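Take a look at the structure below.
Numbers restart at 1 for each chain; the letters A, B, ... are given by sequence-line order, proteins then strands. Please read these numbers as outputs of a predicted model, since none were measured by experiment.
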Amino acid sequence: MPRTGILADVAAGRSEAMEACIAEFGGMVWSLALKMSPSREDAEEGVQEVFIDVWRHASRYDPAVSSEATFVAMIARRRLIDRHRRRASRPLFTSLESSFPMPAPVATSPLEIADEAARVLRCLDRLRPEERRVLELALGEGLTQAAIADRTGLPVGTVKSHARRGLIRLRQLVAEDCATTMAIS
Amino acid sequence: MHDLNKALEAAAERLRELLADRAAFGLDAATERELADLLRDHPAEDAEAFDRIAAAVAVATGDAAELPAAVRARLRDDARRFRSPAASPRAGRWIAVAMAALATAASLLLLIGRRHEPVAPPPSRAAEPPAVAAKIAPTPAVQRAELLATVADAVRLDCAAAADAGSGTRQAHGDVVWSPSRQRGFLRIGGLTPNDPARRQYQVWIVDGDRGTPVPGGVFDVAGADGDVVVPILPRGFVQGPTMFAVTVELPGGAADAGFDRDRVVARAE
């Protein structure tokens, strides 16, 4: 079972907590970085920046709002998207990309999927298929709008609107699911 | 009143759209500003709600990869420095030497009218973690990480040994980080043969577009064969559009402003 309370320990300055943070979330962050970076070197730098962000902002974590994994993934995605945006805005050098092999994923036991993840998957199933597909490619595989357009054959504008509508709908569904769960319990 | 309500609803809808767009793919600078304006007008909006949903989907549908041992080791170093921001004795020594070198260089430049190369502070090892949160005077490695993390136009270029480099530098590898707007950058390089500063020094050059003469970027030393060094690039003069960064071996103090001999190039990034 994943350990909990890591971010609170990091925020409290407990010396072993940062090591635990790396052990618990390193694989997830590394996977996100590989998917959202043009090269392995870039991914390595991205991971370092992500963890510094996580340690800096650990005190902001609120267990009533999300799981620790979601909080870390949120910070990771923000940092990695920002790195992508900065690369895209660079006028001088644009040929930094290099291909690199993706490592085999580490199997994750379904039992270890948190309630929050299970809820999101449940709600994801209720989206329109094209919205779900775009969100899985964007968020699960870390693809850009252009890459999703290439993969699916959809225009970039349509990809963007599917992602937008899908996320807005998903937020509503998750809120409804939470309300239902609370009512049942 | 009806029109006002419609306008408010439209603004709220636009806010949700932009928050969803940001969570999915990020926003460009202009749209970020529009979002910031809307958030100011809607202080009660949960600005992270879509980011959390997107992250939850990423966690639920993604996988975890095995973190490479080298990356894990760097993260552990980062963690150690993050929770112990006080400078280590060794780091303190480097910083003191660096500050002294910078002060000396500044004094000399004032005295002799900038007729010599700027003196770069001693290199720091890249193995030293980029402890961005350190509350000490940042090392070049930390400054490099911060430049990359915070300056939008900062670029990173791979640096490799020159094709005809001598056997002692064929393993040279690293990168250059450069910001056109800040006119500063950093060279991170490993695999260079340690030099005797009394006999030879390494010098950084910036080949600047159509400019005929390369711009000197400072001199540096490599003290040991293990690990990388990170040195600031201190250009003499404005760099318009760099097309290549080169490292040469020169006499102590570096070569004159006239440029470098291509036979002396041991590594380059372009």
- prompt: Do A:Arg165 and B:Glu17 sit within salt-bridge range, that is, some charged N less than 4.0 Å from a carboxylate O?
  reply: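 Salt bridge between A:Arg165 and B:Glu17, a charged N being under 4.0 Å from a carboxylate O: no.
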- request: Would you mind checking if B:Glu48 and A:Arg60 are paired as a salt bridge, meaning a charged N to carboxylate O distance below 4.0 Å?
  value: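 Salt bridge between A:Arg60 and B:Glu48, a charged N being under 4.0 Å from a carboxylate O: yes.
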- request: Go through the atoms of B:Val57 and report whether side chain, backbone, both or neither lie under 4.5 Å from a heavy atom of chain A.
  value: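 Interface part for B:Val57: both.
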message: Need one label for B:Leu27: side chain, backbone, both or neither, based on atoms under 4.5 Å from any heavy atom in chain A.
response: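 The backbone, not the side chain.
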[X] and [Y]: which non-hydrogen atoms are nearest, and at how many Å?
| X | Y | result |
| --- | --- | --- |
| B:Ala20 | A:Leu167 | O-CD1, 3.4 Å |
| A:Ile81 | B:Ala24 | CD1-O, 4.3 Å |
| B:Arg76 | A:Ile22 | N-CD1, 3.9 Å |

- prompt: Is the closest side-chain heavy-atom distance between A:Leu124 and B:Thr61 below 4.5 Å?
  reply: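 In contact.
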- prompt: With side chains defined as the heavy atoms from C-beta onward, is the minimum distance between A:Ser39 and B:Arg156 less than 4.5 Å?
  reply: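 Counting from C-beta outward, A:Ser39 and B:Arg156 do come under 4.5 Å.
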Which residues share a side-chain contact (heavy atoms from CB on, under 4.5 Å) with A:Arg14, sequence neighbours left out: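 Counting only residues at least two positions away or on another chain, A:Arg14 forms a side-chain contact (heavy atoms from CB on, under 4.5 Å) with A:Asp9, A:Ala12, A:Glu16, A:Ala17.
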- prompt: Is there a donor-acceptor contact under 3.5 Å from the side chain of B:Arg52 to the main chain of A:Phe71?
  reply: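 No, because the side chain of B:Arg52 does not come within donor-acceptor range (under 3.5 Å) of the backbone of A:Phe71.
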For each of [options], tally heavy-atom pairs with chain B at distances under 4.5 Å, and name the one with the top tally.
| options | result |
| --- | --- |
| A:Lys160, A:Glu141, A:Glu136, A:Glu45 | A:Glu45 |
| A:Glu49, A:Met28, A:Arg77 | A:Arg77 |
| A:Arg164, A:Met18, A:Met74 | A:Arg164 |

A:Arg171 NZ/CZ over B:Phe50 ring centroid, <6.0 Å and within 45° of normal: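 Yes, A:Arg171 sits over the ring of B:Phe50.
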query: Which is it for A:Glu41 and B:Asp175 under the side chain to side chain contact (heavy atoms under 4.5 Å, CB included) test, yes or no, and what are the steps along the way?
result: CA-CA 10 Å; A:Glu41 291 75 20; B:Asp175 60 24; over 6 Å; no
